[in-house]
Participant: 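Before anything else, here's the structure in question.
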Amino acid sequence: MIEAEICSINKRGQKLEDLQKKVAYVLFSGVMLVLLQAFFCLALVGKVTNTVSNNSHFMHYSQMYFTFCSMLLTVFLVAYYIVKIYVGIEQRKLNLGKFIQDNLILLPFVFMLIWALISTYKSPYFEKSLYGAGYINEGYFTVLQYAVVFLSAYAIRDEIKWSKEAILWSFIVMAGVICIIFTGIEITNYKIPTSLKSGVFNNSNHYGYFLAMSSTATFGALVYSNRKWQMLLALLLLPFNVFQLLACNTLGANIAYICGIAFLICSGLITKKLDWKRLLVACALSGVVNFVFEVSGRTNMWSSYVELFKDVKRIISPSSGGGDSSGDNSSAGTGRFGLWKRTIAVIKQVPWFGKGLDLYHSNNIYDTSLDVSHNEYITMASNIGVPGFVMYFGTMIWWFVRAIRARKILTTCDLILLATTFAYLISAIFGNSFTYTYPYLMIFLAMSMQKPQFREYKYKILQESNSLENLLKI
């Protein structure tokens with residue numbers, strides 16, 4: 001009788017766990033839908049009027065696609081946690097203290113969301129800050145969409161063991177297909193509507209930041225992949241990624257790719273997973289494509305680097321000459337320094353809550369001539385205030401510290417995801433893409449975010465050691 005009751009309890013527990021797993025698969029499918037957003041540069045092209053913001057702005061179809069995806073994800077995410085809580089209660093495994101301890105890294109994000117909401121209420125144009133006002137459409141509702149994407153990817157990263165690899169390779173293959181098609185268009189000089197090539201990325205800068213991530217991910221896959229087919233696929237796709245990255249002619253994206261490679265090398269040395277032969281092959285492929293581009297005169301990347309170094313020197317030593325010492329005419333190879341300086345001036349005027357989300361150019365009552373600052377970090381500080389930015393930056397440092405602490409148990413997939421995330425964070429210094437490529441950062445950041453499991457890893461070793469000692473005593 002007791003055995004039958006125990007068997008019945010075990011079956012019920014298994015059914016509950018199966019239900020939780022099935023809901024997790026549904027949530028995973030929602031994340032994959034967001035990941036496939038980039039295919040909109042090959043599919044639906046166009047824009048519609050954003051009627052919410054006084055009929056004065058528009059939204060691309062890709063932004064609408066992302067909105068609908070985030071709405072679906074919200075339903076899936078709520079369903080997942082309802083089932084998870086129910087299963088925990090039924091199996092008496094619900095431990096609130098451990099849950100908070102494992103997810104402490106989310107607290108700065110929660111604070112940032114609350115602070116952004118306060119900033120939105122204090123905005124001089126509340127409606128536009130709430131819904132978004134320009135081609136970026138970076139209103140508070142969009143910020144909530146980012147949060148849903150992040151939390152969804154964060155929830156499944158350990159729930160489904162193969163989710164990280166599936167997300168990574170889906171991104172690599174998708175980006176590879178896009179790069180091959182656009183490379184064919186470049187080579188054949190096929191005439192296409194400008195909006196088609198922009199698509200989800202809107203312009204070459206946003207496309208460049210996407211390519212910085214895809215090139216870093218493909219480079220890392222070539223260096224670290226354990227399976228032969230993965231290595232061969234990465235070998236095929238890397239030249240197309242680098243070709244498009246250079247054709248895009250975006251300095252910030254190019255610098256991000258170089259920093260991504262440096263991150264891969266350093267992390268590989270630390271974890272002792274670096275394959276020097278593959279690294280040399282990947283570097284050689286990138287170098288050959290770069291050399292061909294420079295010789296053909298298709299890009300002015302080298303001259304942009306020269307200009308960048310001159311601008312840095314001018315800022316460090318204004319007395320050295322070479323332009324306006326005030327920095328307004330500095331270019332950083334990309335025409336950014338003047339915008340950064342003027343945006344920082346705006347931050348000084350409204351340091352606590354900022355000027356409100358998505359208020360720039362004609363909407364910016366603090367500087368009506370100010371365009372987007374082309375720096376995600378100072379843009380965030382000007383939008384929601386310095387405290388909100390500090391929480392964001394603090395989370396990124398926490399993310400990096402956790403990765404270092406977990407270095408002994410990081411997989412090669414973890415290393416690639418970390419490097420891809422890092423590449424975006426570097427590109428964000430030179431631009432702010434938000435809706436167009438920011439969802440990818442949210443997915444990769446969540447997937448590469450390590451749990452505080454280093455302690456558990458040491459505890460597991462201790463348990464195994466104690467078990468061995470007990471056996472020897474017996």
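Counting from 1, the numbers follow the sequence of the chain as shown.
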Participant: Any donor and acceptor pair, going by atom type alone, linking the side chain of W115 with main-chain N or O of V110 inside 3.5 Å?
Facilitator: no
Participant: Does Y154 have R157 sitting over its ring (NZ/CZ under 6.0 Å from centre, angle to axis within 45°)?
Facilitator: yes
Participant: Within the 4.5 Å heavy-atom criterion, are L106 and L151 side-chain neighbours or not?
Facilitator: yes
Participant: Which pair of non-hydrogen atoms, one from M449 and one from I105, has the smallest distance, and what is that distance?
Facilitator: SD-CG2, 3.6 Å
Participant: Looking only at side-chain N and O atoms, does E159 offer a donor or acceptor that is under 3.5 Å from a partner on Y80?
Facilitator: yes
Participant: Determine yes or no for a side-chain-to-main-chain donor-acceptor pair under 3.5 angstrom, with S129 supplying the side chain and L357 the backbone.
Facilitator: yes
Participant: List the steps and the verdict of ring pair (Phe, Tyr, Trp, His ring centres under 6.0 Å) for Y209 and Y438.
Facilitator: CA-CA 9 Å; Y209 307 142; Y438 202 72; over 10 Å; no
Participant: Which residues pass the side-chain contact (heavy atoms from CB on, under 4.5 Å) test with M112, not counting sequence neighbours?
Facilitator: F109, M380, I384, M391, Y392
Participant: Classify the side-chain pair S70/Y146 by whether it contains a donor and acceptor separated by less than 3.5 Å.
Facilitator: no
Participant: Compare every heavy atom of V31 with every heavy atom of L73, then report the nearest pair and how far apart it is.
Facilitator: CD2-N, 3.7 Å
Participant: Could you walk me through whether L285 and V242 pass the side chain to side chain contact (heavy atoms under 4.5 Å, CB included) check?
Facilitator: CA-CA 9 Å; L285 276 175; V242 177; over 6 Å; no
Participant: Under the side chain to side chain contact (heavy atoms under 4.5 Å, CB included) rule, what do S448 and W399 come out as? Steps first, then yes or no, please.
Facilitator: CA-CA 8 Å; S448 62; W399 161 81; 3.0 Å; yes
Participant: Check side-chain hydrogen bond (donor to acceptor under 3.5 Å, both in side chains) between T411 and all other residues, then give those that pass, not counting sequence neighbours.
Facilitator: D414
Participant: Give, for atom CD1 of I160 and atom CG of L27, the distance between the pair rounded to the nearest 0.5 Å.
Facilitator: 7.5 Å
Participant: For residues R402 and R407, determine if any side-chain heavy atom of one lies less than 4.5 Å from a side-chain heavy atom of the other.
Facilitator: no
Participant: Looking only at heavy atoms, what is the nearest atom pair of A38 and Y440, with distance?
Facilitator: N-OH, 2.9 Å
Participant: Taking all atoms of both residues into account, what is the closest heavy-atom pair of V223 and D275, and its distance?
Facilitator: O-CB, 3.8 Å
Participant: Just by modelled atom types, is the L264 backbone N or O under 3.5 Å from a matching donor or acceptor in the S267 side chain?
Facilitator: yes
Participant: Determine whether the aromatic ring centres of residues Y207 and F182 are separated by less than 6.0 angstrom.
Facilitator: yes
Participant: How long is the straight-line distance from OG1 of T420 back to CE of M213, given to the nearest 0.5 Å?
Facilitator: 8.5 Å
Participant: To the nearest 0.5 Å, tell me how far I344 CD1 sits from K348 NZ.
Facilitator: 7.0 Å
Participant: Heavy atoms only: give me the nearest L33-C69 pair and the separation to one decimal.
Facilitator: CB-SG, 3.9 Å
Participant: Using the benzene-type ring in the case of Trp, are the ring centres of W162 and F28 under 6.0 Å apart?
Facilitator: yes
Participant: Take atom CH2 in W229; do more than 12 heavy atoms of anything else shown fall under 6.0 Å from it?
Facilitator: yes
Participant: Would you say T343 and T379 make side-chain contact, with heavy atoms under 4.5 Å?
Facilitator: no
Participant: Is the NZ atom of K21 crowded by more than 12 outside heavy atoms at less than 6.0 Å?
Facilitator: yes
Participant: Once rounded to the nearest 0.5 Å, what's the spacing between atom OG1 of T216 and atom CG of N241?
Facilitator: 9.5 Å
Participant: Angle class for the W340/F430 ring planes (parallel below 30°, perpendicular above 60°, tilted otherwise)?
Facilitator: tilted
Participant: State whether the side chain of Y65 and the backbone N or O of V34 hold a donor-acceptor pair below 3.5 Å, judged by distance alone.
Facilitator: no
Participant: What pairs with K273 under side-chain contact (heavy atoms from CB on, under 4.5 Å), at least two apart in sequence or on another chain?
Facilitator: Y224, T271, T412, L415
Participant: Strictly distance-based, threshold 3.5 Å: is any side-chain N or O of Y377 a donor or acceptor partner for the main-chain N or O of L425?
Facilitator: yes
Participant: With a 3.5 Å distance limit and no angle check, can you tell me whether T218 reaches the backbone of A234 through a side-chain donor-acceptor pair?
Facilitator: no
Participant: Grab the two heavy atoms, one from L245 and one from G208, that are nearest each other, plus how far apart they are.
Facilitator: CD1-O, 3.9 Å
Participant: For the residue pair L107 and F111, establish whether any side-chain heavy-atom pair is separated by less than 4.5 Å.
Facilitator: no
Participant: Please tell me if the side chains of L445 and F150 come closer than 4.5 Å, counting only heavy atoms from C-beta onward.
Facilitator: yes
Participant: Between Y424 and F444, is the ring centre distance below 6.0 Å?
Facilitator: no
